[in-house]
Enquirer: 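Before we start, here is the structure in question, set down as structure tokens.
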Amino acid sequence: MSGRDYDHRRQMGGELIIPALAVCFTLYYFTTIWNSPWTAQVSAFSIGGILLLLCAAFFIKTALLLRSSEASLGLGGLVGIEDVRNGRLALVLATIGYVWLIEDLGFTLTTFLFIAISITALGHGKNVGRATATAAVMSLAGWAVFIWAFDTRFPRGWFETTMQGLMANG
Amino acid sequence: MTLKTTLNRRRFLGTTAAAAGLTLATPAILRADDDFPSRNISVYIPTAEGGGADRNFRAFASVWKDKLGTDFEPGFYPGASGRVGYELYMGKAEPDAYNLIFGNMGPEVLNWAMQAPSFNIDDYLYFGRVDTDPGALFVGAESPLQSLDQIIETAKTRPLNVGTSRMAHPASIGVLSLGEATGAEFNLIPLGGGKNTVAGAVTGEVDFSVLTSGTVISAGDAVKTLLVFGENRVGAALDDAPSMNDAFGTDLPEMLSSRAFGIHQRAVDDYPERFETLTSTFAETFEDPALLESYIAARGTPEYLNYGGVDDCAAFKAAMLELGERYKPLLTGA
Amino acid sequence: MGDTAALLATAFTDTLGYWWIIIPTIFLGLIVGGIPGFSAANTIIILLPLTLAMELQTGLVFMVTLYCAARMGAGIPAILVNIPGTAGAAATPLDGYPMTKQGRGQQALAMSFVASSIGGLLTTLVALAAMPLLARVGFYMHSVEMVVVMLFGISLIASIAAQDMLKGLIAGFFGLMIGAIGTDVVYATPRGTFGFLELYDGVPLIPALVGLFAVSEAFIIIEKRVILTAKGEAAMRNPTWHATFEGISIALKRWWHIIWTSMIGLVIGVIPGAGAAIASFVAYQQSRTYSKTPELYGTGHAEGLIAPEAANNGVTSGTLVPLLVLGIPGGATAAIMLVVLQFQGVSFGPSLFMSNPEVGYGMFMAMAVAYLLMFLTILPLSRYMCRVTTVPTIYLAPIIISFTLVGAFVPREYMFDMQLALAFGVLGYLARRTGYHVAAILIGVILGPLLETYFMRALQKSNGDIMTLFSSTLGNILWLCLVASLILPAFLEWRRKTKTEAAA
């Protein structure tokens, strides 16, 4: 998919993540219903039970493949230096920042910053002008639709308050 | 019970950010005697926008706002049978009398008896009852069971399945007490909301259903009401169904949904003048004929408008908690 | 009868007279349908002050058009960028997006528009003609029967997982388990909520959809300059009308497919509370089951796109039937329409057609006219819409992320939902990169809670007797169909193999 270097063996390390998460979650889920009435338990225990069996089957399959050296526990390039190079890491960090900051900075400003920074990072800084322009257009369009027209309860910050003031006076 | 701290800060930003900032910057003690209300009042509504509480709130607030001289800003926080809205109100809203909650004292207080919230339930009080709406028992228009006698008779031979919007609801308790009074057996089936409860009775998924009568009235002739868990104040709109006490000679309290405004106890303690302004203007609203007009325009049920003050609400809250405690094993499967 | 015909003719011409409201509403509907989080229902709520102020007929036409257009609009981003605008379009990208990547986005859009319009128009007419009959469906489809219908949808997990059954099933059951988060449907005991009150009512669908599809997709597409394959990009550089006509012709040649899958939508739509997601999953699953080339599904197969689109537009007409005949809304949008129309003084219930026939017939006519005008207005646009696929991913990905995360916020307006969407985005990314199908997870998340609700209701009604699942005739017939549709593909495969072996 990404032109990463794959080891000739099947890289099972990455494939184990989802089943591992599934097992952890199912066990946690079971703890929350242990003392509940049967109505809360019946379908969860049956679905969770099947899921645990499926995961167990997958773990056994992995173990067998490992023993016969057809697979390795490598991550198959799930995370690596490539993620820094193609800007994915930057995009992920920017996304986390977006969700984090939108409450304080308000919808429009945060959207602008997020789009501008992400495009710049993904384009390796070669397109700052276009990134800024795109971000400005998109965030203003978003403001017009979500806040001005639809009046959703989006987090409002400096920009929204200023605009509201301007529009109230104008 | 962790609520994300980030969840609700927008309440403090919002359109009144500037005004709020100024007010909050002044020490509380200096503001004790201010010209309340100097800005809009936020109202937390623990159910979805466009629902019954929304309609009810808008109709009432449109008249109250003139008495109080400020606007109300509703915020809808549905989820977990109202729990989300209350938790947010108690956890995040400033207790300064500029934040109110508009809830349903029936099912929502009953809920606390089933599972206590993360806050102390005496940390808030209801101060203004808007309406009381008794539960009703109804069948689908095409149901084979068309009379109360038929229902009781059949339910003595086999348990009947009864649709209800949720277990912890006054109407559910109504049908359980009907069973106790007559020896009939009923099996409650929670159908998740008024719409589904009506649908359940109409399509025959359940033998009959119980619901807040306001919702039954709006279902029109798709259903037929047979019994009211309280007084039938609307007559033909509920098919002239008798009250539980009249029909069975019982002496039960009304099983009511009851919408009311609530407030932090701390706001009452810290700002008694503000609280006084709220309660007195609330009472005045009931004397204004515009209220009735507003209810009729919003297609509410004006017969259910029923003023209640702090004491009425406290009595109601206590009665609900007691009722909940008594029926808890049946309503929680414990 | 003559009266009815005259009434219908008048209703039709009257509705056409509202073209000036229908056409702008179509565009509004396409936009709100296309952004996850917005739907016809919450748009009507947001615009409630406006909707309530409209006079009856205008309001009716507006709401119905918005409903149809939003349904059709939800398919557009599903096809072009792998992001279903609503849960009802969750099956659309399975074959729509592969087509786009091959540079056949324009054909795919045209096919989807044809299937949606014909499906929608046809089911509207059928619903109108057979309304009293269709309204009875809800009287027979109770919890027991619905358990089987849900299993039809869930069995799609197995079809999707065909390449690696074990991993596919793990993804599907993990989805079901995530879908089981929230309070139990009988006594409201909180389960698996990590203490978040926001999860008491279950995992909200839009954040799950946004995360699993949109956010994770955005993290993936940046590996390439554009989302198209090299060949696809060459084709997309010079879009011609020819591609649109090709799409129309592909869809029209499959007219029978459109008809029967839209009927699945109609029948599921009339069952109160079932909804478009289950209808499109069942239609896709059925379409694949009875196909001669099931192996082509998921690679950009025309039927795989037509089936869910025809079905979810069939649902649109279906949900109006119980509303008009019984006064019970079939879905969220119908419920909001009920509120608005009640406010206008219309009283719903069995007597509606006597008291307000113009509302009853008007709704269906509005729907028919909306589908007709929609077809004419948006088909020519497919040529331009698909240009979005040539936008470099470095621009596309951040825009997708910000606007879909915003969409995750909209339905409930909780910041928590944006964070949840991000968490699902990470999960979706991990799943994609390690060969687990995100659609399988999503089917679990969407259908799991529905299955549990019906299952628990059936058990509660029978005092916990599991045999109640086999206690109804219709239910048993459905069980047989389910088993048949699970066995049939394997049987057909085996027969094909033995045939080719015999020939060789």
Side-chain angles (χ1 to χ4, degrees), chain A residues 1-3 14-15 17-19 21-22 25-26 28-29 32-33 36-40 42-44 47-48 50-51 54-55 57-58 61 76 78 86-88 91-92 94-96 98-99 102-103 107 111 114-115 118-119 122-123 127 130 134-135 138-139 142 145-146 150-155, chain C residues 31 43 46-47 166-167 169-171 173-174 176-178 180-181 183-187 189-194 215 218-220 222-223 392-395 397-399 401-403 405-406 409-410 413 415 418-419 421-422 425-427 430-431 433-436 448 451-452 455-456 459-460 464:
Chain A
M1 194 186 280
S2 58
E15 292 184 42
I17 295 177
I18 295 284
L21 281 175
F25 175 67
T26 307
Y28 158 70
Y29 193 101
T32 66
I33 54 171
S36 301
W38 68 275
T39 56
V42 55
S43 68
I47 290 170
I50 298 175
L51 180 57
L54 289 167
C55 292
F58 190 76
K61 182 178 160 186
L78 183 65
N86 63 21
R88 180 178 291 128
L91 185 63
V92 172
T95 309
I96 295 171
Y98 182 58
V99 172
I102 194 165
E103 253 222 300
F107 165 77
T111 305
F114 168 74
I115 297 181
S118 308
I119 296 178
L122 291 172
N127 51 355
R130 284 184 78 172
T134 313
M138 294 315 294
S139 54
V145 175
F146 300 124
F150 276 10
D151 196 25
T152 56
R153 282 189 310 185
F154 256 108
Chain C
I31 294 170
T43 307
I46 291 167
L47 300 177
L166 187 54
K167 284 169 78 175
L169 291 178
I170 288 175
F173 275 85
F174 190 20
L176 286 169
M177 207 61 214
I178 295 172
I181 290 176
T183 54
D184 90 275
V185 294
V186 180
Y187 296 122
T189 325
R191 305 171 302 173
T193 59
F194 298 97
V215 176
F219 289 153
I220 298 275
I222 55 166
E223 286 167 6
T393 56
I394 59 165
Y395 292 93
I399 294 173
I401 291 177
S402 58
F403 278 75
L405 282 180
V406 158
F409 170 86
V410 169
E413 304 198 302
M415 282 320 286
M418 275 177 96
Q419 294 152 3
L422 183 58
V426 174
L427 179 70
L430 288 174
R433 290 300 304 273
T434 55
Y436 292 86
L451 176 70
E452 190 190 16
F455 178 63
M456 287 315 304
L459 280 191
Q460 185 78 2

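Quick note on labels: first sequence line is chain A, next is B, and so on, each numbered from 1.
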Enquirer: Rounded to the nearest 0.5 Å, how far does CD1 of C:I394 lie from CG of A:N86?
Expert: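 Atom-to-atom, A:N86:CG and C:I394:CD1 are 12.0 Å apart.
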Enquirer: With the side chain counted from C-beta on, respond yes when A:I18 and C:K167 share a heavy-atom pair under 4.5 Å apart, and no when they do not.
Expert: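 The answer is no, as the side chains (C-beta and beyond) never meet within the 4.5 Å cut-off.
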Enquirer: Return yes if some donor-acceptor pair links the side-chain N/O of A:Y29 with the main-chain N/O of C:A180 below 3.5 Å, else return no.
Expert: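 It does hold such a pair.
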Enquirer: Shortest non-hydrogen contact from A:V99 to C:L405?
Expert: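 Taking A:V99 first and C:L405 second, the nearest heavy atoms are CG2-CD1, 3.8 Å.
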Enquirer: Heavy-atom distance under 4.5 Å to chain A: side chain of C:P392, backbone, both or neither?
Expert: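 Contact with chain A involves no heavy atom of C:P392 at all.
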Enquirer: Considering non-hydrogen atoms only, spot the tightest contact between C:G192 and A:F25 and give its length.
Expert: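 Distance-wise, the nearest heavy atoms are O-CE1, 4.3 Å.
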Enquirer: Checking C:E452 now: which residues fulfil salt bridge (charged side-chain N to carboxylate O under 4.0 Å, His left out) with it, not counting sequence neighbours?
Expert: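 Checked C:E452 against salt bridge (charged side-chain N to carboxylate O under 4.0 Å, His left out); matches are C:R191.
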Enquirer: Compare every heavy atom of A:P155 with every heavy atom of C:F409, then report the nearest pair and how far apart it is.
Expert: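 Residues C:F409 and A:P155, closest heavy atoms: CZ-CD, 4.2 Å.
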Enquirer: When only pairs under 4.5 Å are counted, which of C:I181, C:T183, C:L451 shares the most heavy-atom pairs with chain A?
Expert: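 Between C:I181, C:T183, C:L451, the count favours C:I181.
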Enquirer: Any side-chain heavy atom of A:N127 sitting closer than 4.5 Å to one from C:Y395?
Expert: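 They are in contact (side-chain heavy atoms under 4.5 Å apart), so the answer is yes.
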Enquirer: Looking at CG of C:L176 and CG of A:L51, how far apart are the two atoms once the value is rounded to the nearest 0.5 Å?
Expert: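 Rounded to the nearest 0.5 Å, the CG-CG separation comes to 9.0 Å.
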Enquirer: Search all heavy atoms of A:L91 against all heavy atoms of C:P398 and return the closest pair with its distance.
Expert: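 So the minimum-distance heavy-atom pair works out to CD1-CG, 4.5 Å.
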Enquirer: Which atoms of A:V42 are under 4.5 Å from chain C, going by heavy atoms: the side chain, the backbone, both sets, or neither?
Expert: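 When you check distances to chain C, only side chain atoms of A:V42 fall under 4.5 Å.
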Enquirer: Under a 4.5 Å heavy-atom cut-off, does chain A meet the side chain of C:T43, its backbone, both or neither?
Expert: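 Contact with chain A: side chain only.
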Enquirer: Apply side-chain contact (heavy atoms from CB on, under 4.5 Å) to the pair A:L54 and C:F174, showing each step before the final yes or no.
Expert: CA-CA 10 Å; A:L54 289 167; C:F174 190 20; over 6 Å; no
Enquirer: Go through the atoms of A:I17 and report whether side chain, backbone, both or neither lie under 4.5 Å from a heavy atom of chain C.
Expert: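 Contact with chain C: side chain only.
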Enquirer: Measure distances from C:L422 to the heavy atoms of chain A and classify the residue's part below 4.5 Å as side chain, backbone, both or neither.
Expert: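 Contact with chain A is through the side chain of C:L422 alone.
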Enquirer: I'd like to verify something: which residue of C:V406, C:L169, C:L459 has the highest number of heavy-atom pairs under 4.5 Å with chain A?
Expert: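 Sorted descending by pairs with chain A, the first entry is C:V406.
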Enquirer: C:A218 versus chain A, heavy atoms under 4.5 Å apart: side chain, backbone, both or neither?
Expert: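 Contact with chain A: backbone only.
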Enquirer: List in chain and number order the residues that pass side-chain hydrogen bond (donor to acceptor under 3.5 Å, both in side chains) with A:T111, two or more places apart in sequence or in another chain; answer none if no residue qualifies.
Expert: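 By the side-chain hydrogen bond (donor to acceptor under 3.5 Å, both in side chains) rule, A:T111 matches A:Y98.
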Enquirer: Under 3.5 Å, side chain of C:Y436 to main-chain N/O of A:E15, donor-acceptor pair present?
Expert: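 Yes, the answer is positive, given that a donor and an acceptor are paired below the 3.5 Å cut-off.
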Enquirer: Quick check on C:M177 against chain A: is it the side chain, the backbone, both or neither that has a heavy atom closer than 4.5 Å?
Expert: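 Looking at C:M177, backbone and side chain both touch chain A.
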Enquirer: Quick one: of A:I33, A:I96, A:T26, A:V92, who has the most non-hydrogen atom pairs under 4.5 Å with chain C?
Expert: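 Looking at each option in turn, the highest pair count goes to A:V92.
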Enquirer: Quick one: does C:S402's side chain get under 4.5 Å of A:M138's, heavy atoms only?
Expert: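 Contact flag for C:S402/A:M138 side chains = no.
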Enquirer: Please flag which part of C:F455 lies under 4.5 Å from any non-hydrogen atom of chain A: side chain, backbone, both or neither.
Expert: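 Only the side chain of C:F455 comes within 4.5 Å of chain A.
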Enquirer: Side chain, backbone, both or neither: which part of A:I119 has a heavy atom under 4.5 Å from chain C?
Expert: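 When you check distances to chain C, atoms from both the backbone and side chain of A:I119 fall under 4.5 Å.
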Enquirer: Is the shortest side-chain heavy-atom distance between A:C55 and C:I170 below 4.5 Å?
Expert: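 Touching, per the 4.5 Å side-chain cut-off.
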Enquirer: Does the side chain of A:F114 reach to within under 4.5 Å of the side chain of C:I401, using non-hydrogen atoms?
Expert: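 With C-beta onward as the side chain, the pair touches.
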Enquirer: Out of C:T393, C:V186, C:T189, C:L166, return the one with the most heavy atom pairs under 4.5 angstrom to chain A.
Expert: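 Top count of heavy-atom pairs under 4.5 Å with chain A: C:L166.
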Enquirer: Students often mix this up, so state it plainly: with edges at 30° and 60°, are the rings of C:F403 and A:F107 parallel, tilted or perpendicular?
Expert: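 Ring orientation, 0 to 90° scale: perpendicular.
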